[in-house]
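All remarks here apply to the structure that follows.
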Protein chains: 2
Amino acid sequence: MVLTLPASRTGNGFLGTIGIRDVAKAAGVSPATVSRTLAGRAVDPAMRAAVEAAVRETGYRPNLAARRLRSRDTGTIGLIVADIRNPFFTAIARAVEEAAYARGLRVILCNTDEDPARETLYLRLMEEERVTGVILAPTRETPAVRAADLAVPVVLIDRSPPGGDHDAVLLDNRAASTMLVDHLHAQGYTRIAGLFGATSMTGHERRAGYLAATARLGLAADARAVPHGPGETEAVVAALLARADPPDALIASNGVMLLSVIRALNAAGAGQAGPAIAGFDNEPWTEVVCGGVTLIEQPVEQIGGEAMAMLLDRLHQPDASRRTVMLGGRLIVRGSTARRE
Amino acid sequence: MVLTLPASRTGNGFLGTIGIRDVAKAAGVSPATVSRTLAGRAVDPAMRAAVEAAVRETGYRPNLAARRLRSRDTGTIGLIVADIRNPFFTAIARAVEEAAYARGLRVILCNTDEDPARETLYLRLMEEERVTGVILAPTRETPAVRAADLAVPVVLIDRSPPGGDHDAVLLDNRAASTMLVDHLHAQGYTRIAGLFGATSMTGHERRAGYLAATARLGLAADARAVPHGPGETEAVVAALLARADPPDALIASNGVMLLSVIRALNAAGAGQAGPAIAGFDNEPWTEVVCGGVTLIEQPVEQIGGEAMAMLLDRLHQPDASRRTVMLGGRLIVRGSTARRE
DNA sequence: TTGAAAGCGCTAACAA
DNA sequence: TTGTTAGCGCTTTCAA
């Protein structure tokens with residue numbers, strides 16, 4: 001096939017951009033047929049072959065903006081996470097992208113860095129992008145925009161404001177805390193203290209599970225609310241160690257806090273004799289410190305997959321009642337909570 | 001202002017979508033004036049106020065696809081990383097997004113998971129998105145597409161294929177390795193072994209720096225090429241420890257490998273008496289293991305910022321000769337390489 | 001099944 | 001400065 005590109009063209013952009021009209025001309029068919037071929041719809045085999053050859057020879061790249069504008073379908077979902085440097089959210093991002101990819105959807109990833117203003121900004125942006133739906137891990141603070149007020153369907157993950165009416169996929173935080181307390185108790189620990197995020201719903205629920213479990217077991221509870229910020233966790237740990245009757249076990253309610261707890265214990269010189277440690281989020285490094293840290297692993301793949309499924313359900317049934325899916329965590333027992341003599 | 005939305009409209013999408021024409025009508029101006037107002041161009045203050053009020057009352061959201069199609073400017077750059085779960089790339093992503101944000105640009109983040117096929121796919125997608133430019137951390141294997149063949153400007157980061165003609169921002173890998181070897185030698189270590197990625201350019205260069213430094217110091221070199229894959233690093237560490245004259249110091253050539261080395265040493269029961277450890281990438285956990293791991297911190301912010309700046313330079317001067325910027329790493333000394341008695 | 005024609009929502013060119 | 005008009009590149013009618 002001989003390809004002759006016009007030296008100058010009207011009606012299809014400036015020189016150098018190849019459009020669907022050029023492909024059509026090269027293949028000797030109409031633009032509509034090229035479009036149908038690319039969309040995988042029924043086209044005469046001979047024509048299809050000609051179009052495919054022309055696409056190859058021209059190096060044609062469809063303009064997605066034009067396609068989206070006309071077809072009114074972006075084939076894109078938005079994923080807004082609170083902290084991209086937190087490995088939990090990175091893992092979520094990968095899981096969501098995988099699930100989207102399997103359905104032929106693309107993902108726009110946004111990072112709010114726990115800033116409600118950026119959350120509002122990105123939700124707005126998602127509307128302007130006309131995304132099919134949004135999966136949102138809200139910031140710790142109550143978001144400025146109610147998800148239900150948006151023009152696009154939203155599924156919340158990880159955190160869910162109380163009393164809200166939305167689709168959400170959450171860890172069963174109470175049950176997870178309970179597992180940790182029960183495990184520590186079974187290992188012979190009795191003075192179990194807990195550090196929980198002061199501002200997030202997740203922190204509240206993990207704390208509630210801790211309080212319920214310690215009460216049921218007749219243990220003294222010491223639940224500390226830790227504000228977000230550098231050095232806060234370390235200060236709380238120092239205060240706990242300074243107690244007249246210091247704890248023999250510590251629970252940290254997320255991966256970031258867990259690392260801070262360990263840093264604080266190191267700084268305090270608490271070695272083998274220091275308290276047992278348990279936490280959340282199975283990050284790779286947790287295997288190599290303190291003889292391995294006992295923790296709750298979140299089912300990240302499932303959370304991503306389930307959130308995607310819920311989003312698609314919502315698209316098909318906009319008026320179905322909203323629902324919350326709770327997934328269970330997995331207790332991974334390692335050396336940090338070994339029985340002591 | 002009284003807002004009357006037409007019960008049905010022609011020429012501006014289906015019922016329920018608010019377009020620029022609706023806003024214009026509500027404000028009593030032309031669509032062009034609305035457009036100019038939103039773009040921040042010169043508009044009569046009274047009209048501007050009317051438009052802003054109309055935007056607020058209608059809940060208008062500009063359609064970005066339409067805007068991009070018409071203006072031929074997506075205001076978007078693509079960032080393609082090799083492994084989103086690697087904290088180095090997460091940090092890069094955040095730095096790039098920050099730099100883009102400061103310039104009013106958006107970022108599309110793509111993750112190839114070290115798969116050259118996905119890299120090709122995403123580069124193609126970036127062309128179809130008509131992004132302004134791409135920042136690419138190539139996969140370990142030689143990529144299927146030469147960056148120079150693409151329709152969009154590309155800046156490489158972290159890794160750069162040999163002999164290629166492209167813009168790139170790289171760590172001075174040879175110098176970084178040299179710093180580690182010199183430091184270990186100064187601390188009294190003499191049998192320094194190194195583990196280097198077998199397939200990436202980065203691994204090769206860090207290895208070259210290691211070999212040059214050990215040769216200069218008159219030390220015996222033992223550089224192992226470690227294939228990518230689970231358990232590979234652990235196997236190499238085991239082999240090193242089984243040497244007749246086992247190394248007294250180990251260098252791991254990236255953050256992921258560093259963690260594997262530590263895991264392997266733990267498994268081998270090498271405690272205080274085990275080899276000194278040094279590595280790359282200042283991840284948060286490195287502070288709390290082995291008394292703190294001595295390592296080279298990469299200037300992540302700078303890499304992101306410099307890559308963005310190069311991209312914009314390239315846009316303004318498409319024909320300027322391509323250049324490579326090398327940034328220096330910072331040696332952070334911690335307990336893992338303390339002098340031993 | 002194919003082609004001609006219309007138009008997605010917006011901005012840029014032009015004229016006033 | 002403002003409004004009118006045209007058209008970005010594509011898909012989707014509609015008629016053949």
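The basis for the numbers below is simple: all heavy atoms, side chains too, and nothing from hydrogens, waters or symmetry mates. Chain letters run A, B, ... following the sequence lines, proteins first, then strands; residues in each count from 1.
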5' precedence on DNA chain C between Pro62(B) and Asp44(A) (nearest-nucleotide basis):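 Of the two residues, Asp44(A) wins.
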
In whole Å, I'd like the distance from the [atom1] atom of [X] to the [atom2] atom of [N].
{"X": "Leu64(A)", "N": "dC8(D)", "atom1": "CG", "atom2": "P", "value": "18 Å"}
{"X": "Lys25(A)", "N": "dG3(C)", "atom1": "NZ", "atom2": "P", "value": "14 Å"}
{"X": "Arg21(B)", "N": "dT5(D)", "atom1": "CZ", "atom2": "C1'", "value": "12 Å"}
{"X": "Arg130(B)", "N": "dC10(D)", "atom1": "CZ", "atom2": "C1'", "value": "11 Å"}
{"X": "Ile20(A)", "N": "dA4(C)", "atom1": "CD1", "atom2": "P", "value": "14 Å"}
{"X": "Arg68(A)", "N": "dC10(D)", "atom1": "CZ", "atom2": "P", "value": "13 Å"}

Look at the side chain of [X] and decide which nucleotide, out of [options], has an atom nearest to it.
{"X": "Leu69(B)", "options": "dC10(D), dC8(D), dG3(D)", "result": "dC8(D)"}
{"X": "Ala32(A)", "options": "dC10(D), dT2(D), dA4(C)", "result": "dA4(C)"}
{"X": "Asn63(A)", "options": "dT11(D), dG9(D), dC10(C)", "result": "dG9(D)"}
{"X": "Pro31(A)", "options": "dG9(D), dT11(D), dG9(C)", "result": "dT11(D)"}

Test item: Glu114(B) side-chain N/O and Thr139(B) main-chain N/O as donor-acceptor pair under 3.5 Å: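 Absent.
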
Side-chain donor or acceptor of Arg130(A) paired with backbone N/O of Val152(A) under 3.5 Å: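 Side chain of Arg130(A) to backbone of Val152(A): no pair is present.
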
Helical bend (five base pairs per end, nearest 10°) for the helix from dT1(C)-dA16(D) to dA16(C)-dT1(D):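 One end axis against the other gives 30°.
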
5' precedence on DNA chain D between Met47(B) and Arg70(B) (nearest-nucleotide basis):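 Whichever sits nearer the 5' end wins; that is Met47(B).
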
5'-most by nearest nucleotide on DNA chain D - Leu38(A) or Val43(B):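 Looking at DNA chain D, the more 5' nearest nucleotide goes with Val43(B).
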
Donor/acceptor link under 3.5 angstrom from Arg36(B) side chain onto base of dG3(D):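 Per atom types, the contact qualifies.
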
OP1 or OP2 of dT11(D) under 4.0 Å from side-chain N/O of Arg67(A):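 So the side chain of Arg67(A) is within the cut-off, an N or O lying under 4.0 Å from OP1 or OP2 of dT11(D).
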
OP1 or OP2 of dT11(C) under 4.0 Å from side-chain N/O of Ser71(B):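 Ser71(B) to dT11(C) OP1/OP2: no side-chain N or O under 4.0 Å.
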
Does the side chain of [X] reach to within under 4.5 Å of the side chain of [Y], using non-hydrogen atoms?
{"X": "Ser160(A)", "Y": "Met201(A)", "answer": "no"}
{"X": "Thr324(A)", "Y": "Leu170(A)", "answer": "yes"}
{"X": "Leu156(B)", "Y": "Pro138(B)", "answer": "yes"}

Within 6.0 angstrom of Arg103(A) CZ, more than 12 heavy atoms from elsewhere: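 Yes.
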
Test: Glu97(A) and Arg118(B) ion pair at under 4.0 Å: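 Yes, Glu97(A) and Arg118(B) are salt-bridged.
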
Touch class at under 4.0 angstrom, heavy-atom based, for Arg41(A) against every strand present: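 Contact class for Arg41(A): sugar-phosphate only.
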
